[in-house]
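These notes concern the structure reproduced below.
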Amino acid sequence: MSRPPVATVTLDAFWGALFPDGDGFIELRALPSKDRDFFPSDDLAGIESFLGTHLAENLYFGVAARVAPGDGSLAGCGRLVVLFADIDFKTTPESGATARLERFPLQPSIVVKSGGGWHLYWLLREPADLRVNGEAARIKGLLRRLAIALGGDLAAAEPARVLRVPGTLNQKYTPPREVLVERFDAIFGFNLSDFDDLLPSEPPGDGDGASPFRMPQELPDGTRNPNLYRLGRSL
């Protein structure tokens, strides 16, 4: 799976693939300063200025278009034109991730080397509108199932996620590592049903792959009770 970076891919082309119709806003975040801003998806000069100001930081963008400035939550998300997965080589070694991806029938449109893993994107023929009733839950389910299939990060498998901006630096390492595009095929080739038919079901539980906690009928005496703690956590 490892290959040379696609040197001809510009950041403008990347934005054009993920935000193709110029609607909505791109949310940008910088860490550790926690500075963030929202730009119309066609405001390339504003985006470039923000990124240039924060070159020494970790830089992220909201994968789903934001409806209005100031709200990066799920409720503030509009259209999403990709399914995606975040694979961290610390938890899924590169050799294992490569083997899983090579066996996976649907190869990603875009592969970004994040500095410590991959960010994988599958461009959809028809964007998902997260404002439509039930659509956000459907997309989250598909993202989680995709992460399970490929050994991805379940915490990143949600529609409002931010991922690293290509062409920036992953500052978590010394020296910092480049965030590079390894594959770029800007063809909108996938339907949501392709993934729904292919992916394994999520394990039963509370949505995080764990079995739901059930309170015992009788509680032992004691000042510290782990059952009460677990009940509080489950709520």
Side-chain angles (χ1 to χ4, degrees), residues 1-3 6 9 13-14 16-21 61-65 74 77-114 116-164 166 180-212:
M1 172 63 193
S2 181
R3 63 186 66 194
V6 184
V9 175
F14 182 80
L18 269 68
F19 304 92
D21 297 324
F61 76 100
V63 182
L74 179 59
C77 290
R79 300 203 327 157
L80 177 66
V81 304
V82 291
L83 292 183
F84 56 89
D86 180 356
I87 298 179
D88 187 340
F89 292 155
K90 290 181 181 178
T91 54
T92 301
E94 185 171 2
S95 58
T98 299
R100 288 192 188 209
L101 188 58
E102 287 178 347
R103 291 194 302 266
F104 194 64
L106 306 177
Q107 291 298 294
S109 314
I110 301 171
V111 176
V112 175
K113 191 172 184 179
S114 66
W118 290 326
H119 294 164
L120 311 175
Y121 301 90
W122 289 260
L123 290 164
L124 301 172
R125 287 193 179 98
E126 295 293 334
D129 191 338
L130 300 172
R131 295 164 291 186
V132 174
N133 187 36
E135 193 72 352
R138 180 191 182 194
I139 295 299
K140 182 174 181 178
L142 287 172
L143 293 176
R144 290 180 61 83
R145 291 164 62 193
L146 190 56
I148 291 169
L150 296 175
D153 181 3
L154 280 172
E158 52 91 13
R161 185 67 176 180
V162 296
L163 295 176
R164 290 187 179 274
L180 297 171
V181 177
E182 287 193 328
R183 177 189 301 170
F184 188 83
D185 183 4
I187 297 175
F188 295 79
F190 300 99
N191 299 312
L192 291 177
S193 58
D194 298 335
F195 297 87
D196 212 9
D197 295 340
L198 173 68
L199 292 171
S201 300
E202 258 196 274
D206 61 1
D208 293 315
S211 299

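As the structure is a computational prediction, the values presented were derived from the model and not from experiment.
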Determine whether Leu143 and Phe195 satisfy the following criterion, side-chain contact (heavy atoms from CB on, under 4.5 Å), listing intermediate values before the conclusion.
CA-CA 10 Å; Leu143 293 176; Phe195 297 87; over 6 Å; no
side-chain contact (heavy atoms from CB on, under 4.5 Å), that's the test. Do Glu158 and Leu74 meet it? Break it down for me.
CA-CA 9 Å; Glu158 52 91 13; Leu74 179 59; 5.6 Å; no
Parallel, tilted or perpendicular, as decided by the 30° and 60° cut-offs, for the rings of Phe104 and Trp122:
perpendicular
Which word best sums up how the rings of Phe84 and Tyr121 line up, parallel for under 30°, tilted for 30 to 60°, or perpendicular for over 60°?
tilted
At their closest point, which heavy atom of [X] faces which heavy atom of [Y], and how far apart are they?
X: Phe188; Y: Ala17; answer: CZ-O, 3.5 Å
X: Arg79; Y: Pro127; answer: NH1-CG, 3.4 Å
X: Leu150; Y: Thr92; answer: O-CG2, 4.4 Å
X: Arg144; Y: Leu154; answer: O-CD2, 3.7 Å
X: Arg138; Y: Ser193; answer: NH2-N, 4.3 Å
X: Leu124; Y: Leu80; answer: CD1-O, 4.1 Å

Would a distance-only check, ignoring hydrogens and angles, find a side-chain to backbone donor-acceptor pair under 3.5 Å from Arg161 to Val63?
no
Do the side chain of Arg145 and the main chain of Pro200 share a donor and acceptor less than 3.5 angstrom apart?
yes
Please evaluate residues Val82 and Ile110 with respect to the criterion side-chain contact (heavy atoms from CB on, under 4.5 Å), reporting the C-alpha separation (whole Å), side-chain torsions for both, the decisive distance (0.1 Å), and the verdict.
CA-CA 10 Å; Val82 291; Ile110 301 171; 5.9 Å; no
What's the verdict on side-chain contact (heavy atoms from CB on, under 4.5 Å) for Thr91 and Asp153, showing C-alpha distance, side-chain angles and the deciding distance?
CA-CA 8 Å; Thr91 54; Asp153 181 3; over 6 Å; no
